[in-house]
Amino acid sequence: MSEEIVFDCLHAEIVNYCLDDNKENDFSTLEYIGFTTGYRLIERMTRDVSRFKDELETIKFICTDFWTSIYKKQVDNLRTNNLGMYVVQDKAFRFLTRITPGEKQLEHAPKFVAFTCGLVRGALSNLGINSTVTAEVQSIPACKFHIEVSRV
């Protein structure tokens with residue numbers, strides 16, 4: 001329980017630090033910190049795991065084991081169009097649960113999900129999947145992460 005509080009406080013401070021100096025809409029630093037963190041975490045987590053047979057199995061691993069190790073719960077829903085687009089839904093996203101729902105707070109939601117977008121993108125990158133990860137927050141604390149796999 002105490003490590004969860006430390007993680008939440010650390011995330012809040014990273015958000016404050018990265019968005020200091022009036023860089024209100026520049027989330028690239030947050031996303032990059034998430035990317036490098038996800039890249040390193042997945043390397044440790046999959047050290048003793050056999051190779052994934054396909055892209056869908058890799059995404060399922062991200063939604064179950066990876067998400068659970070970070071947020072202490074699995075995602076609520078995973079959808080795909082089987083053409084490289086995945087939608088991961090978390091109905092009570094950890095970094096949004098402490099925010100009071102409202103229109104004004106909805107404007108600030110992107111800064112709390114940018115780190116996780118990078119986290120997922122970094123993990124997938126290390127597993128050999130190039131992707132673009134974006135987040136959509138329509139109502140607090142629910143969040144949808146859109147993963148678009150880049151086909152080269």
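Because only heavy atoms are used, hydrogens play no part in the values below, and waters and symmetry mates are left out as well, while side chains stay in.
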Determine, using ring centers only, whether F112 and F93 are less than 6.0 Å apart. no
Spatial distance of atom CD1 (I147) from atom CG (L124) [nearest 0.5 Å]: 5.5 Å
Which donor-acceptor pairs under 3.5 Å do the side chains of residues 74-89 make with protein atoms, sequence neighbours left out?
from : atom 1 : to  : atom 2 : distance (Å)
D76  : OD2    : K73 : NZ     : 3.4
D76  : OD2    : K91 : N      : 2.5
T80  : OG1    : N82 : N      : 3.0
T80  : OG1    : M85 : O      : 3.1
N81  : OD1    : L83 : N      : 2.8
N81  : OD1    : M85 : N      : 3.2
Y86  : OH     : E55 : OE2    : 2.7

Closest non-hydrogen atom pair, A123 against I62: CB-CD1, 3.8 Å
Partner of Y71 by ring pair (Phe, Tyr, Trp, His ring centres under 6.0 Å), out of F115, F145, F95: F95
To the nearest 0.5 angstrom, please state how far the CG atom of L56 sits from the NZ atom of K53. 8.5 Å
Look only at the side chain of R94 and the backbone of I70, and say whether a donor-acceptor pair between them is shorter than 3.5 Å. yes
Which atom pairs, one a donor and one an acceptor, fall under 3.5 Å between side chains of residues 33-40 and the rest of the protein, sequence neighbours left out?
from : atom 1 : to  : atom 2 : distance (Å)
T36  : OG1    : Y32 : O      : 3.3
T36  : OG1    : I33 : O      : 3.0
T37  : OG1    : I33 : O      : 2.7

Could you walk me through whether L96 and D90 pass side-chain contact (heavy atoms from CB on, under 4.5 Å), step by step? CA-CA 10 Å; L96 297 177; D90 191 335; over 6 Å; no
Heavy-atom closest pair (E136 atom, Q138 atom, distance to 0.1 Å) is OE2-NE2, 2.5 Å
Could you tell me whether the side chain of S125 and the main chain of R121 form a donor-acceptor pair under 3.5 Å? no
Measuring only between side-chain heavy atoms, which start at C-beta, is T116 closer than 4.5 Å to W67? yes
OG/S69 to CG/L41 distance, rounded to the nearest 0.5 angstrom? 6.5 Å
What about the rings of F52 and F61, do their centers lie closer together than 6.0 Å? yes
Quick one: pull up CE in M45 and CG in L127 and give me the separation to the nearest 0.5 Å. 10.0 Å
Tightest non-hydrogen contact, residues C143 and V137, listed as SG-CG2, 3.9 Å
Check whether any side-chain heavy atom of N126 lies under 4.5 Å from a side-chain heavy atom of T46, and answer yes or no. no
